[in-house]
Number of protein chains: 2
Amino acid sequence: MKSIAEDETLSTNDYRASIFAGKLKELMVISYVVLGNNVVTGRFIEKRYRMPIQAWSSLYVVREFPGIRAKEIREVIPRPQNTISRAVSLLEARGYLRQEVSETDGREKCLYVTPAGAKLVDELVEISRLRQEEWLAPLTPEERKMFYQLSRKIAEGQKLLTTEVMSVD
Amino acid sequence: MKSIAEDETLSTNDYRASIFAGKLKELMVISYVVLGNNVVTGRFIEKRYRMPIQAWSSLYVVREFPGIRAKEIREVIPRPQNTISRAVSLLEARGYLRQEVSETDGREKCLYVTPAGAKLVDELVEISRLRQEEWLAPLTPEERKMFYQLSRKIAEGQKLLTTEVMSVD
DNA sequence: GGAAGATTGATCCATCTGGATTGATCTGGC
DNA sequence: GCCAGATCAATCCAGATGGATCAATCTTCC
């Protein structure tokens with residue numbers, strides 16, 4: 001715990017270095033990375049395409065899996081179901097996606113991208129891939145592969161989306 | 001690109017495995033990790049402490065750096081200045097934080113945690129540390145160290161908070 | 001076959017977010 | 001010293017978020 005009153009030369013890099021070395025270092029560093037990137041990406045998608053980032057990510061998933069159910073998007077994009085519902089609704093209104101009632105369950109909607117939606121996805125995947133290169137640039141190819149594998153391990157862990165320590169009872 | 005219509009046995013793990021192996025694999029995996037954790041953490045902090053997650057993270061930073069200026073919090077938590085301003089306002093109203101006009105610049109506010117705020121931070125740091133152990137559990141200690149170092153490299157890269165490819169003009 | 005409980009996506013509602021704006025203060029040039 | 005431009009935090013406002021609710025549909029048990 002450092003007091004600014006005594007040391008006016010503490011720079012913002014020192015703030016970060018200090019927090020990034022603390023008890024919650026992994027959380028603070030990786031959150032900084034994702035939050036920081038989302039600021040850039042969210043602003044871009046909002047301004048260029050007039051849609052929230054959740055709409056883009058939902059459309060990307062539907063493009064990859066034509067016929068996917070709305071509820072299934074949640075398994076890839078951990079957002080509440082009504083957030084997905086609204087994204088789907090906006091994408092449909094914009095002509096990027098269409099819904100069909102499932103043949104096997106009258107409650108479910110099967111989602112498909114339209115040609116306009118497919119075009120949009122292709123465009124955004126390419127820009128996002130370039131953007132990904134940008135923030136991954138500090139890593140060597142070997143480091144990048146390692147980062148991916150470790151992130152993958154965490155993503156597939158049993159306790160990412162559930163918790164025993166943060167109970168609300 | 002896989003069609004569900006032809007293969008009804010595709011499971012949600014396959015959706016994830018497929019997206020996590022695509023062109024945007026690093027982005028999708030690490031976003032899933034941070035978003036997934038934030039769902040758990042945000043819900044807990046909202047319910048237990050009745051505050052948005054940005055208030056907790058802001059308070060944590062003020063606790064680490066007594067006297068820090070509001071604008072400086074942004075360097076650690078990449079959120080807009082008005083988000084920080086509102087978090088600070090809420091924390092002050094709750095008695096967790098106090099503001100003093102800076103002696104060197106009448107526009108600036110120097111922030112300090114109150115005893116109640118310090119107690120809250122200690123409590124939340126401990127719970128968050130345990131939570132961190134939860135989602136990091138799939139990694140060995142060596143892997144965890146590697147993940148931290150690679151994340152740190154990305155966080156300190158020149159292109160995390162800026163972009164050349166996602167221009168809006 | 002009927003009823004209770006579960007599931008699905010749309011909708012509601014309170015709150016949060018983020019860009020823009022504002023008033024107060026500061027800085028640097030003339 | 002004065003003024004134009006920059007900076008800081010509070011506030012505004014339109015839109016997004018997330019838990020709760022709802023109607024329609026499905027599943028399972030008796």
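Because the structure is predicted, anything quoted here is derived from the model rather than measured.
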Item to check | Whichever of B:R107 and A:I53 has its nearest DNA chain D nucleotide further upstream toward 5' | outcome: B:R107
Checklist entry - To the nearest Å, how far apart are B:R74 CZ and D:dT7 P? => result 12 Å
Checklist entry - For A:W56 and D:dA16, what is the distance between atoms CH2 and P respectively, to the nearest whole Å? => result 18 Å
Checklist entry - Want to settle it: does B:E92 or A:R79 sit nearer the 5' end of DNA chain D, counting the closest nucleotide to each? => result B:E92
Next on the checklist: In whole Å, I'd like the distance from the CG atom of B:L91 to the P atom of D:dA9.
Outcome noted: 15 Å
Checklist entry - Less than 3.5 Å between a donor and an acceptor, one on the side chain of B:Q81 and one on the base of D:dA10, is that the case here? => result yes
Checklist entry - Does D:dA10 have OP1 or OP2 sitting under 4.0 Å from an N or O in the side chain of B:Q99? => result yes
Checklist entry - Quick one: the side chain of A:E46 and the base of D:dA16, do they pair up donor-acceptor inside 3.5 Å? => result no
Item to check | Proximity to DNA chain D (any heavy atom under 4.0 Å), residues of residues 27-42 of chain A only | outcome: none
Item to check | Distance in angstrom units between B:I68 CD1 and D:dA9 P, rounded | outcome: 10 Å
Checklist entry - Would you call A:R50 and A:E46 a salt bridge, taking side-chain N to carboxylate O under 4.0 Å as the test? => result no
Checklist outcome for this item: Taking for B:R50 and for A:K47 the nucleotide of DNA chain C with the nearest heavy atom, the one nearer the 5' end belongs to B:R50
Item to check | Residue A:D105, side-chain atoms from C-beta onward, closest of D:dA10, D:dC26, D:dG18 | outcome: D:dC26
Next on the checklist: Check A:R129 with A:E126, please: is the shortest side-chain N to carboxylate O separation under 4.0 Å?
Outcome noted: yes
Next on the checklist: Taking side chain to side chain contact (heavy atoms under 4.5 Å, CB included) as the criterion, tell me which of B:L91, B:V125, B:L120 meets it with B:W56.
Outcome noted: B:V125
Item to check | Salt-bridge present (A:R69, A:D105; N to O < 4.0 Å) | outcome: no
Item to check | Candidates D:dT17, C:dT17, C:dC26 - which lies nearest the side chain of A:T83 | outcome: D:dT17
Item to check | Distance, nearest 0.5 Å, that separates CD of A:Q54 from CD1 of A:I73 | outcome: 11.0 Å
Checklist entry - For B:E108, which contact category applies under a 4.0 Å heavy-atom criterion: base, sugar-phosphate, or nothing? => result sugar-phosphate
Item to check | Whole-Å gap separating C1' (D:dC26) and CZ (A:R69) | outcome: 14 Å
Next on the checklist: With a 4.0 Å limit, can you tell me whether B:Q54 has a side-chain N or O closer than that to the phosphate oxygens OP1/OP2 of C:dT17?
Outcome noted: yes
Checklist entry - Is B:R86 touching bases, backbone alone, or none of the nucleic acid, heavy atoms closer than 4.0 Å? => result base
Checklist entry - To the nearest Å, how far apart are A:M51 CE and D:dT17 P? => result 12 Å
Checklist entry - So, are A:K159 and A:E164 salt-bridged, with charged N and O less than 4.0 Å apart? => result yes
Checklist outcome for this item: note: A:E72, atom CD; C:dT7, atom C1'; distance rounded to Å ~ 13 Å
Next on the checklist: Which is more 5' along DNA chain C, the nucleotide nearest A:K109 or the one nearest A:R43? Just name the residue.
Outcome noted: A:K109
Next on the checklist: Rounded to whole Å, how long is the line connecting atom CD1 of A:I84 with atom C1' of C:dA10?
Outcome noted: 14 Å
Next on the checklist: Rounded at 0.5 Å granularity, tell me how far OH in B:Y32 sits from CG in A:L161.
Outcome noted: 4.0 Å
Checklist outcome for this item: side chain to side chain donor-acceptor pair (under 3.5 Å) filter on B:E100, not counting sequence neighbours, yields B:R98
